[in-house]
Structure formats: C-alpha cells, structure tokens
Amino acid sequence: MEIKEERPLNFIERIIEDDLKAGRVPGNKIVTRFPPEPNGYLHIGHIKAICINFGLAEKYGGTCHLRLDDTNPAKEEQEYIDSIKDCIHWLGFDWGEKTYYASDYYDQLFDIAVRLIKEGKAYVDSLSPEEMKEYRGTLTEPGKNSPDRDRSIEENLDLFMRMKNGEFPEGAYTLRAKIDMASPNINMRDPALYRIKYAEHPRTGKKWCIYPMYDYTHPISDAIEGITHSICTLEFEDHRPAYDWATSIDGIEHTPHQYEFARLNINYLLMSKRKLLYLVNNNYVTGWDDPRMPTIAGIRRRGYSPESMKDFVQRVGVAKVESVVDYSLMEFCVREDLNKRAKRLMAVLDPLRIIIDNYPEGQVEYFDAENNPEDPASGTHKVAFTRELFIEKEDFMEVPVKGYHRLYPGNEIRLKHAYYITAQSIEKDENGNIICVHCTYDPESKGGTTADGRKVKGTSHWVSASHSITAEVRQYDKLFKAENPGAATGNYLDDLNPDSLIVIPEARIEEEAKTAKPGDYLQFIRNGYYMADSRDSSPEHLVFNRTVTLKDSWSKMKQKMGI
RNA sequence: UGGGAAGUCGCCAAGCGGUUAAGGCACUGGUUUUUGAUAUCAGCACUCGAAGGUUCGAAUCCUUCCUUCCCAGCCA
C-alpha cells in the first residue's frame with residue numbers, strides 16, 4: 001500500500017486546483033513551461049523552477065514544455081542549450097519530443113508587430129538609449145512622450161521594414177509599444193518591442209537583425225504554446241501588466257496567466273552568474289563543473305543525487321516570501337538519500353600503522369562486509385585482513401581525553417567486520433612521532449563479537465597495509481565560509497573558504513574501491529559520502545570527491561569540551 | 001519620495017473568524033547501535049512586525065504605522 005504524503009497545497013497548486021474545478025483550463029490539461037535563456041549553466045536555483053514546472057505538470061496530468069528563451073543572440077550559445085537539456089534529464093524530467101524555442105516564433109512575432117503598427121499601437125522610435133532613459137522619467141516622476149510617438153502608420157511601417165532589412169545600424173531605431181509614458185509602472189512606459197542587433201543567432205543564424213524583447217516575446221510564446229500557468233520568479237511581478245498587455249493583443253486567442261514565486265536562496269552559496277563566472281575565469285575553481293560550484297554540473301560531479309535535490313526543493317516549499325534556506329537542510333536531504341543507497345567501503349584517509357603482534361605473519365583472512373546495512377538486499381563484499389593494518393590517526397590517542405572510547409594503550413576496540421584488538425605499545429621515531437602501534441587481537445572475537453558477550457565501546461574502520469590500494473581523495477567543503485558571502489566587507493572574495501578543497505594524495509582504501517565508477521554513490525564508513533570523480537578518476541589513478549560529511553556529534557562534543 | 005510585493009520559532013513553512021498556532025531542518029537531552037552514522041523517544045512560538053479597532057471569539061477582518069525586497073536595459 002502506498003502511503004501518500006500529506007502536504008498542504010502551495011499557493012500555485014491552489015490556483016491550479018481552483019482553475020481546474022472552475023473549468024477554466026482548456027481540456028482540463030494544464031500546460032507549464034521551463035523557459036531558461038541559454039546564456040549560461042543551470043544552478044541549484046533553477047532546480048526549484050524546474051521542479052515546480054515539471055512537477056506541477058506531472059501532478060495534474062498536464063505537460064511542461066522546455067522552451068529556450070533565445071531572444072538575445074549576443075549572449076546565447078548552443079553549448080548552453082545542450083547543457084541545459086542534459087541537466088534537466090539528470091534531474092529525471094522529460095519534455096517529450098519537441099523542444100520549444102522562442103526563436104521559432106520570430107515570424108509570428110514580426111507579423112503581430114506589423115499588426116500593432118497598423119492599429120496605431122506601436123511606433124518606431126529614433127531616440128537613443130540615453131535619450132530614452134531621459135524620456136522614461138524616474139521612479140517618482142512620469143516620463144514624457146517621444147517626439148516620434150505620433151509618427152504616421154505608413155512611416156512606421158516603412159521604417160520597421162527597413163529595420164528588418166538591415167538598412168540601419170544598431171541603436172538607430174527601436175519599435176516601441178504605445179502604452180503610457182506616465183504609468184506609475186515603468187515597464188508600461190512605452191516598452192521596447194524590437195531592437196536592431198547584428199548578432200549571429202545559434203539557431204536562426206543571420207536571418208534576422210532585429211530581435212524581439214522579453215516582455216513582448218514571452219507572453220506571446222506562452223499564448224502560442226497554450227501555456228495555462230506561466231510561473232516565474234518574484235522580480236517579474238511588475239512585468240505582469242506588460243504580460244497581460246501582450247496577451248490581449250487582438251488576434252491572440254489563448255490567454256495564459258503569470259504567477260510569481262520566491263526564487264531559491266541558500267546561505268553560504270552564491271548564485272549570481274556574474275560572480276560565478278569570475279570565480280571560473282580567475283581560477284578560484286577549476287570550471288563550471290567544479291564540485292564546489294552551485295551549478296547542477298558541479299553538484300552532480302560532487303556526488304549529490306537528483307532525488308535528494310528534488311526532495312530538498314519539495315521541503316523548501318513554494319511561497320512568495322523572499323527567503324534564505326539553511327545550507328544544513330540541503331545537506332540533510334543529501335545525507336538522507338545517500339544513506340539509503342550508498343555502498344559502504346572502508347577508507348583510511350590519515351593512516352596510522354597498526355601491527356597485530358599475535359597475528360600470524362603472511363596470513364590473509366577475508367571478511368564479509370555488508371554493502372549497505374540499510375539495505376540487506378545489497379549484499380556483501382570481501383575485505384582482506386592482515387597482520388599490518390592502517391587505522392585513522394584520529395582513532396588512536398596515547399593519552400585519551402575524557403569521553404574518548406577509541407584506541408588507546410590498554411583499551412580494547414573492535415575493528416569493523418574483523419576482530420577485537422587491544423593497544424599494547426607505541427613505537428616512536430627520534431622526534432617522538434608515533435610510527436606504529438603494536439596491538440594484540442582476540443582470536444575468539446572473529447567477525448566482531450565474542451562468546452562472552454563483552455562490549456567494546458569503540459569500532460574503527462581499517463584497511464590492510466598490504467591488501468589495500470591508494471587513491472586521491474578530495475575533501476570538499478563549502479566554497480565560502482560566510483553565510484552571506486561579501487556581506488561583511490562588500491567583497492565576496494574575502495569570504496572564500498581557504499579550506500574548501502583539501503587534497504589527500506594517498507589515502508588507503510580497501511580493494512573493492514577499484515569497482516567504483518563515477519555515478520556510484522559511496523560511503524567511506526565513518527568519513528562521509530564520496531563519488532569517483534567523473535573527470536579525473538581512472539583505474540590507474542582513482543580520485544574520489546567528498547560529497548558531504550557524515551553528521552559528526554563527536555567533533556561537536558570535542559569542541560564543547562574545548563579539545 | 002511613485003509603483004509592485006512580503007512580514008507566523010534560529011532557517012523554511014502550514015494556517016483563509018472558533019485548533020492546546022501543523023510539519024521539516026537546526027538545536028538540546030535520553031535509548032539503541034559492529035559507522036560517536038542511521039534509527040528511535042522527548043523537549044523546543046501563552047504567541048503570529050507594532051499599535052489601535054470590529055467581534056462572544058482575531059495570526060486570520062478594518063485602520064494607521066514600522067521593516068525588508070523588486071522596478072528607471074535597445075538583458076532575461
């Protein structure tokens with residue numbers, strides 16, 4: 001029996017259900033769209049918009065279009081289109097056979113513009129951008145009419161055709177809607193509909209030298225596609241009158257409606273395309289898919305699962321309040337999902353040599369290690385045990401602090417899946433550094449339990465010194481150490497975390513790690529979740545990225561005790 | 001100072017005139033544990049930006065005020 005999760009409807013779902021109930025939706029099939037401009041890589045913020053639009057279509061049995069809003073060829077590239085598609089698929093959404101492009105409507109958009117001119121609702125303006133700025137007025141003062149506002153229809157038509165035919169240089173003319181230069185809403189002060197731009201478009205090439213503006217293109221594209229609910233972010237709220245203006249142009253039959261929600265902000269993260277670009281260009285990170293980047297390509301390479309991101313967005317909710325979500329919620333979602341699916345391996349990142357004095361030299365035993373205790377069906381794999389082993393330096397203390405129940409002289413701990421061992425003596429070099437710890441094991445504790453049922457408080461992971469492999473492990477952490485990068489000094493670079501990447505060139509990992517491929521979710525027991533790096537990992541040189549740490553109440557306790 | 005929006009626990013977020021003001025994250029404490037993980041139990045807003053008012057009854061309705069965000073691209 002499926003347990004349906006009870007979740008209150010968000011305000012958009014409520015609107016949709018009302019519309020459905022009232023019969024306001026043609027054929028009772030809602031149509032949404034995800035309309036990115038292909039001018040960069042998708043980031044975590046986009047995941048929210050993707051999940052809302054595709055999710056709503058799924059939930060109400062409608063469809064969601066992928067539409068590339070490609071009306072500014074100066075900024076757009078095919079590479080971005082490909083990357084956007086790839087990211088949406090990674091998230092597990094599909095838009096069907098047809099990919100929509102605003103550029104597919106250029107002809108229709110042009111015809112509608114001609115009609116507007118003929119109806120006296122649009123005019124060709126010769127004001128320069130600087131003059132236009134002046135004529136537009138300010139937030140508190142109304143604008144004034146352009147001298148070209150009353151140009152004759154014939155002249156407008158002629159000029160517009162010549163704009164299209166490439167007779168004028170960029171900036172010479174624009175086509176503007178004749179609305180109201182005194183409107184309190186600046187977006188309604190005769191907004192530009194078309195501008196001249198001699199740029200090669202990724203799809204239409206050099207066919208056009210005039211390109212339609214967002215406020216004109218977007219609503220009409222929605223109308224053409226039969227979009228019922230056009231969902232965008234809050235900053236477009238005061239574009240809604242422009243949206244409604246465009247969809248009520250004579251001859252446009254379908255009337256979609258725009259609804260706005262708060263974009264996703266997460267503390268410690270930067271979503272600004274400009275700033276991210278700066279980090280890439282100045283080598284603060286290795287690229288757009290650097291595992292520390294908040295791009296979809298980055299978190300994917302880092303080892304985040306699409307399911308966890310969808311769950312995250314679900315938990316954040318959809319509302320109109322500008323909010324900043326805690327990074328810890330995202331990490332929680334990643335851990336929760338990975339806990340259920342990650343294969344457990346033992347990796348020693350900071351090795352300390354252990355010698356089991358009473359274990360026969362040259363002997364190798366293979367123990368069964370469960371792949372995932374959360375999922376018994378996932379089976380087991382073999383792990384080799386020998387006389388010489390490595391454990392984490394952290395798991396041994398010559399003089400234990402209060403509350404420490406790992407290995408220390410005289411203390412007995414369990415080596416996971418293997419035996420109980422007791423530390424006997426320490427070997428040091430001339431500088432007093434510990435070279436190795438001599439231990440004894442209890443042969444009766446094979447598998448990690450004893451017949452007498454005695455308990456040990458500590459269980460450590462370990463790796464055989466001879467039967468383990470080395471691998472590079474990249475310990476990733478937050479890129480910024482401030483919740484709001486740049487808030488303190490005005491420069492976000494000041495808040496860069498110098499420890500956002502710590503490379504461990506030669507960590508020791510059990511041999512089973514050889515089987516791990518990029519895309520396989522791993523947990524290095526007691527260390528965190530990891531994934532083989534999709535760029536740099538190879539069978540000859542394994543590289544693992546830390547996705548996220550495990551929750552660590554011990555380090556919290558240490559901190560509290562001031563250790 | 002024009003217009004548009006928003007203010008409910010540290011962070012999200014339900015709530016739509018009658019509830020002891022959901023839930024999640026975070027945090028705190030206990031239990032279990034062959035991961036100091038996971039799991040599990042318990043605690044965590046006499047109060048809803050503020051002040052007035054309407055009402056038998058207000059987070060929900062009204063008034064005023066306060067705070068924050070967005071808008072002056074031939075970007076989206």
Side-chain angles (χ1 to χ4, degrees), chain A residues 6-10 14 35-37 39 69-72 74-76 125 127-129 132-134 136-143 170-176 183-189 191-197 210-211 213-215 217-218 232-241 260 262 266-267 312 314-333 335-336 339-340 344 346 370 373-374 403-406 413-418 420 447-449 456-461 523-528 549-558:
Chain A
E6 288 286 334
R7 183 176 56 79
L9 298 181
N10 65 48
R14 195 179 319 232
E37 183 190 11
N39 68 346
D69 232 340
D70 54 350
T71 54
N72 186 359
K75 292 183 174 180
E76 297 153 6
D125 195 359
L127 251 30
S128 70
M132 198 158 173
K133 190 172 175 171
E134 213 170 288
R136 188 161 30 234
T138 69
L139 293 178
T140 51
E141 303 158 51
E170 284 188 14
Y173 291 103
T174 56
L175 182 73
R176 295 173 72 175
S183 170
N185 182 342
I186 293 198
N187 297 302
M188 298 301 274
R189 319 240 260 233
L193 264 25
Y194 271 90
R195 79 286 213 186
I196 299 170
K197 203 175 275 271
I210 56 171
Y211 289 94
M213 301 286 291
Y214 169 87
D215 272 339
T217 310
H218 200 91
C232 61
T233 46
L234 247 29
E235 66 268 29
F236 291 101
E237 258 171 338
D238 43 19
H239 288 251
R240 201 185 322 135
E260 310 87 10
I266 305 172
N267 55 14
F312 171 58
Q314 187 72 246
R315 285 169 187 265
V316 166
V318 180
K320 297 192 74 141
V321 193
E322 309 248 17
S323 55
V324 181
V325 178
D326 262 341
Y327 192 88
S328 63
L329 177 62
M330 184 172 68
E331 287 200 321
F332 167 84
C333 293
R335 289 189 185 110
E336 189 180 56
N339 177 48
K340 285 189 228 116
R344 270 60 169 176
M346 293 196 288
E370 49 199 351
E374 305 289 319
Y404 189 82
H405 49 247
R406 303 181 188 180
I413 63 159
R414 173 189 297 109
L415 293 180
K416 182 137 177 121
H417 311 304
Y420 286 6
T449 49
V456 290
K457 278 186 131 178
T459 300
S460 284
H461 58 281
Q523 183 194 98
F524 291 169
I525 290 175
R526 301 209 303 137
N527 271 314
T549 60
L550 256 26
K551 259 180 82 170
D552 186 0
S553 56
W554 169 240
S555 73
K556 208 176 278 175
M557 195 190 301
K558 277 197 297 188

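Quick note on labels: first sequence line is chain A, next is B, and so on, each numbered from 1. These values consider heavy atoms only, across backbone and side chains, with no hydrogens, waters or symmetry-generated copies.
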Out of B:A14, B:A37, B:C74, whichever nucleotide has its closest atom nearest the side chain of A:Glu374: B:A37
N/O (side chain, A:Arg240) to phosphate O (OP1/OP2, B:A5) under 4.0 Å: no
B:G73 OP1/OP2 closer than 4.0 Å to side-chain N/O of A:Arg189: no
Touch class at under 4.0 angstrom, heavy-atom based, for A:His239 against every strand present: base
Side chain of A:Asp326 (C-beta onward), nearest among B:C71, B:A76, B:G10: B:G10
Nucleotide opposite B:G7 in a Watson-Crick or G-U pair, distances under 3.5 Å: B:C66
Minimum-distance nucleotide to A:Ile186 side chain [options: B:A5, B:A72, B:G36]: B:A72
Test item: A:Asn267 and A:Asp326 side chains (from C-beta on) under 4.5 Å apart, heavy atoms: yes
A:Arg176 vs B:C74: side-chain N/O to OP1/OP2 distance below 4.0 Å: no
Touch class at under 4.0 angstrom, heavy-atom based, for A:Arg344 against every strand present: base
Nearest-neighbour nucleotide for the A:Val316 side chain, B:C12, B:C74, B:C27 considered: B:C12
B:G2 - base-pair partner by Watson-Crick or wobble geometry, distances under 3.5 Å: B:C71
Nucleotide nearest A:Lys197 when distance is taken to its side chain, options B:G2, B:G24, B:C75: B:C75
RNA chain B: 5'-proximal contact among A:Pro35 and A:Ile525 (nearest heavy atom): A:Ile525
Residue-phosphate contact under 4.0 Å: A:Arg136 side-chain N/O, B:C74 OP1/OP2: yes
Nucleotide nearest A:Glu37 (side chain, heavy atoms from C-beta), chosen from B:G36, B:C75, B:U35: B:C75
Touch class at under 4.0 angstrom, heavy-atom based, for A:Phe236 against every strand present: base
Sugar-phosphate only, base, or nothing, as touched by A:Pro373 at under 4.0 Å among non-hydrogen atoms: base
Anti versus syn assignment for B:G30, with syn defined as within 90° of 0: anti
Straight-line distance of A:Ile413 CD1 to A:Tyr420 OH, nearest 0.5 Å: 11.0 Å
Sugar-phosphate, base or nothing in reach of A:Lys556, heavy atoms under 4.0 Å: sugar-phosphate
Per A:Leu550 side chain, nearest of listed nucleotides B:A37, B:A22, B:C75: B:A37
Sugar-phosphate, base or nothing in reach of A:Tyr214, heavy atoms under 4.0 Å: base
OP1 or OP2 of B:A76 under 4.0 Å from side-chain N/O of A:Thr71: yes
Sugar-phosphate only, base, or nothing, as touched by A:Tyr404 at under 4.0 Å among non-hydrogen atoms: base
Salt bridge present between A:Lys320 and A:Glu260 (N-O < 4.0 angstrom): yes
Closest to side chain of A:Lys551, choosing from B:C12, B:A76, B:C27: B:C27
Sugar-phosphate only, base, or nothing, as touched by A:Glu260 at under 4.0 Å among non-hydrogen atoms: nothing
From B:C69, B:U35, B:A26, nucleotide with atom closest to A:Ser328 side chain: B:A26
Is_stacked (A:Trp554, B:G36) at 5.5 Å, 30 deg: yes
Nucleotide paired to B:A22 in any strand shown, Watson-Crick or G-U, under 3.5 Å: none
Shortest side-chain distance from A:Met213, nucleotide among B:G3, B:G73, B:A37: B:G73
